[in-house]
Each structure stands twice: as structure tokens, then as C-alpha cells.
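To keep things clear, I will list the structure first and then write my remarks on it.
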Amino acid sequence: MKIRDIINARPVTISCELFPPKKDSDFAGVQQAARKIAGLHPDFISITYGASGGTSKNTVEIASMVQKECGITSIAHLTCYSSTPEEVDQVIDKIKENGIENILALRGDPPRDTSVPIPGHYKHAYELIRQIRQKGDFCIGAACYPEGHVECANRDLDLDYLKMKVDEGCDFLTTQMFFDNNILYRFLYRALAKGIDVPILAGIMPVINARQIQRSVQLSGTELPNRFCGIIDKFGSDPAAMKQAGIAYATEQIIDLIANGVKGIHLYTMNRPDIAEAIFHNLSYILGRGENV
Ligand code: FAD
């Protein structure tokens, strides 16, 4: 099923993200996590795409397994920066052959040893969106950044580039993680003012590991509000307490987003069914799922 149809049909969607195994020996563990997360009946599951070509095979395999074995719609992420257009083309063919109708089209991060685009490769995600559109009837998602993408000096320009992705035929957007909902609300107004009218799903990261989050916010430029820093200061060195506080913080964020009319929540579940389950449980009535979670 196409994700745009799922979004149109539901008052609120909740989806989860998985990353594929980096090594073949991790495959069974990821499949197990996928089965457990699928058992919560999210509206769809997204599977990330590693920076190196090797994990692309696993992205499609896990996305295919989620659909065929678990009966949950999946979306395969696809990046274009470190592959030739021909290589990207082959992955799109594989996605299609496996019956996956949804692709999250991304540029990807530059490889560590170079930030200069490789000649002949796509430089930006809008070019990939154009290629996917030409290749078939896919539902296409793309990334957006409520606090601006870290490489873009100007948030307004970042929105102009985001509009290019929408104009190329992207059906919906998923945000980078954020920890202050007011940042998202301001972003939604600014996006609408630019004519960006596709659904925007709010990316929520339940933080359970203080050290890990400090590293990823440094890389992404995400702001940590004082209230959140207070939680990390107090509980960061106690894993069980940090997990409980992180789940509670994410739950509160989601309740506020839904209460304010946000129609899609995308959970960065990091292959942790226990975290997804706790959040689904906390939101069972809010999501209209009653006691069945
Ligand atoms: P783009 O939209 O191409 O933007 C990248 C930068 O270029 C921005 O600064 C933008 O302002 C600028 N730009 C865009 N168009 C133009 C233009 N025409 N001219 C000049 N500048 C322009 N990474 C992975 O490797 N695998 C994943 O699975 C993955 N999943 C993700 C999922 C989500 C929801 C998000 C938010 C990010 C994900 N990422 C993933 C990270 C992503 O690849 C990086 O953030 C990357 O740096 C930017 O990708 P993009 O698709 O947003 O790029």
C-alpha cells in the first residue's frame, strides 16, 4: 500500500524506523526486532539505508520481509550521494521487484574522507526524487529539518530547497528529530507559507542513552531544551532511569503534537521493540487503539 493513501485514510498515523543489519550475522536479530515492532501494528515501518553500498541489499530484504511476513507496509530509504545514478537505478529496480511501493529519497551524508560531490553522482535529493518519479508509480517521501539542515547557512534557503523536493513529486516529508515542539510548530507555519503543502510527519527520538544523543545532536545541530538537559543531567548515568525518563519525554512530546493537530508521528525506534512497545502502550487510547497494546 502507498503511504500517502495510509496518511489520507487515518486521523493520525504512527510509524517506526528500523536500521538494517550491518553484517549478515546480525540478520536474525534485526528480523526478530522487526517482527516484534510489526506486532504493535504501526501504520508503516521504514528501513534506513547505510552509507556504504553493502547495506543496500539488507534494506530491501528487511523491507520486503516486513511486508511479506509481517503484513505491514514498508518504506525503503535510498541515498544517492555515494553511488552512481546507474547503481541507484538498480536498487530502485530491486525495490520494485520486491513489491515495495514506498521510497524515502535522501541525499545521504558525504563520506568521511570527502565532502566534495563525486563527479557524475547526484548532489541533492531532489535529483533522486526526479529519477524515482521517472522509474515508476512509487510513493516518495523525503527528509526535512525543522531547525534547518546543518550544512545550510540560511533556514529560508533550506526551505526553498525543500520546496524543490516537493515540486519534483515528493508525497510526504519526515522531520529530523527535535526535542522542542515549538520548533516544529514554527517550521510548519514557515513551510506552509512557502507553499509546502504535503503531509509532514514528526520524527520523535525516544532518548535512552545520554552519551549517544549528545553525539548525534552535535552532528545534526538539534537544540536540546533546558528541561531535556535537566533530565540528562539527573538521569544520564543511570540507564534504567534514563530509559524511563526518555520514554516519558517522548510520550509527552507526542501527546502535545497530536493535541495540536499533527497528523503523523514517526518513531526513531533504533531496533528497540521494548521502547516502541512502551510508547504504543502509553498512547493506546490517544491513538484510538484501546487496550489492545
Ligand atoms: P538534500 O535535500 O539534498 O539537502 C542536503 C543539503 O543540501 C541541505 O543543506 C540543503 O539545504 C542543500 N540543498 C538541497 N538542494 C540544494 C540545491 N538545489 N542547491 C544547493 N543546495 C541544496 N542518511 C542515510 O545515510 N541513510 C538513511 O536511511 C537516512 N535516513 C534519514 C531519514 C530522515 C527522516 C532524515 C531527516 C535524515 C535521514 N538521513 C539518512 C540523513 C540524511 O541523509 C542527511 O541529513 C543528509 O545530509 C541530507 O539528506 P537530504 O536528503 O535531506 O539532502
Side-chain angles (χ1 to χ4, degrees), residues 3 15-22 30 44-60 62-63 74-83 88 91 95 100 102-112 114-118 121-132 140-178 183-184 187 190-191 194 196 198-205 216-222 264-271:
I3 288 172
S15 48
C16 295
E17 183 166 295
L18 281 171
F19 49 83
K22 290 199 177 77
V30 176
F44 65 89
I45 294 180
S46 75
I47 324 294
T48 65
Y49 192 88
S52 64
T55 57
S56 68
K57 173 175 137 280
N58 292 342
T59 298
V60 180
I62 296 290
S74 68
I75 175 164
H77 293 204
L78 175 59
T79 68
C80 60
Y81 203 70
S82 36
S83 317
V88 170
V91 182
I95 289 173
I100 298 156
N102 306 287
I103 303 180
L104 196 80
L106 300 144
R107 184 198 69 176
D109 284 318
R112 274 197 202 101
T114 170
S115 57
V116 183
I118 306 160
H121 289 204
Y122 294 129
K123 293 180 189 65
H124 297 292
Y126 78 91
E127 298 164 292
L128 174 61
I129 294 170
R130 184 181 297 162
Q131 187 189 357
I132 299 170
I140 306 174
C144 64
Y145 304 84
E147 295 167 76
H149 184 261
V150 69
E151 285 166 35
C152 199
N154 178 331
R155 285 185 192 182
D156 202 48
L157 195 57
D158 202 34
L159 273 180
D160 288 336
Y161 294 140
L162 184 60
K163 177 80 165 55
M164 284 175 69
K165 297 201 267 196
V166 174
D167 290 346
E168 286 293 346
C170 143
D171 295 290
F172 72 94
L173 298 164
T174 304
T175 75
Q176 171 73 286
M177 64 180 162
F178 60 92
I183 289 174
L184 181 82
F187 171 74
R190 288 190 297 117
K194 284 275 183 198
I196 295 170
V198 295
I200 298 181
L201 312 183
I204 297 294
M205 166 80 85
S216 34
V217 296
Q218 257 172 12
L219 292 173
S220 64
T222 306
I265 306 294
H266 189 63
L267 279 181
Y268 293 115
T269 33
M270 313 287 287
N271 294 13

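Quick caveat: nothing in here was measured; it's all calculated off a predicted structure. Numbers here are sequence positions counted from 1. Numbering of ligands and ligand atoms starts at 1, following listing order.
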Margin query: Quick test of your reading of the structure: of Tyr126, Tyr122, Tyr145, whose heavy atom lies closest to atom 37 (C) of ligand 1?
Written below: Tyr145
Notebook entry, point to check: Roughly how far, to the nearest 0.5 Å, is CG of Leu128 from CD1 of Ile103?
Noted result: 7.5 Å
Notebook entry, point to check: For atom 35 (C) of ligand 1, which candidate among Ala143, Cys80, Gly141, Gly108 provides the closest heavy atom?
Noted result: Ala143
Item checked: Test: Lys22 cationic atom under 6.0 Å from Phe19 six-membered ring centre, within 45° of axis -> yes
Margin query: Heavy atoms only, cut-off 4.0 Å: how does His149 contact ligand 1, side chain, backbone, both, or neither?
Written below: side chain
Next item on the list: Could you tell me whether a side-chain N or O of Lys165 sits under 3.5 Å from a main-chain N or O of Ala143, the two making a donor and an acceptor?
Entry: yes
Check: Quick check: does any side chain N or O of Asn102 sit under 3.5 Å from a backbone N or O of Ser74, one acting as donor and the other as acceptor?
Finding: yes
Item checked: Residue part near ligand 1, for Leu106, under 4.0 Å between non-hydrogen atoms -> both
Notebook entry, point to check: Do His266 and Ser46 have side-chain N/O donor and acceptor atoms under 3.5 Å apart?
Noted result: yes
Checklist line | Verdict with reasoning, Glu147 to Phe178, per side-chain contact (heavy atoms from CB on, under 4.5 Å) | finding: CA-CA 8 Å; Glu147 295 167 76; Phe178 60 92; 3.9 Å; yes
Note to self: Closer than 4.0 Å to some heavy atom of Met164 - which atoms of ligand 1 meet that?
What the structure shows: 18 (N)
Margin query: Can you name the atoms of ligand 1, numbered from 1 with element, that are less than 4.0 Å from a heavy atom of Arg107?
Written below: 3 (O), 5 (C), 6 (C), 46 (C), 47 (O), 49 (O), 50 (P), 51 (O), 53 (O)
Check: Would you say Tyr268 has any N or O atom under 3.5 Å from an N or O of ligand 1, going by distance alone?
Finding: no
Item checked: Lys123 atom NZ: more than 12 heavy-atom contacts under 6.0 Å -> no
Check: Any non-hydrogen atom of Thr59 lying under 4.0 Å from ligand 1?
Finding: no
Notebook entry, point to check: When you measure from atom 46 (C) of ligand 1 to each heavy atom in Leu162, Asn154, Asp109, which option holds the nearest one?
Noted result: Asp109
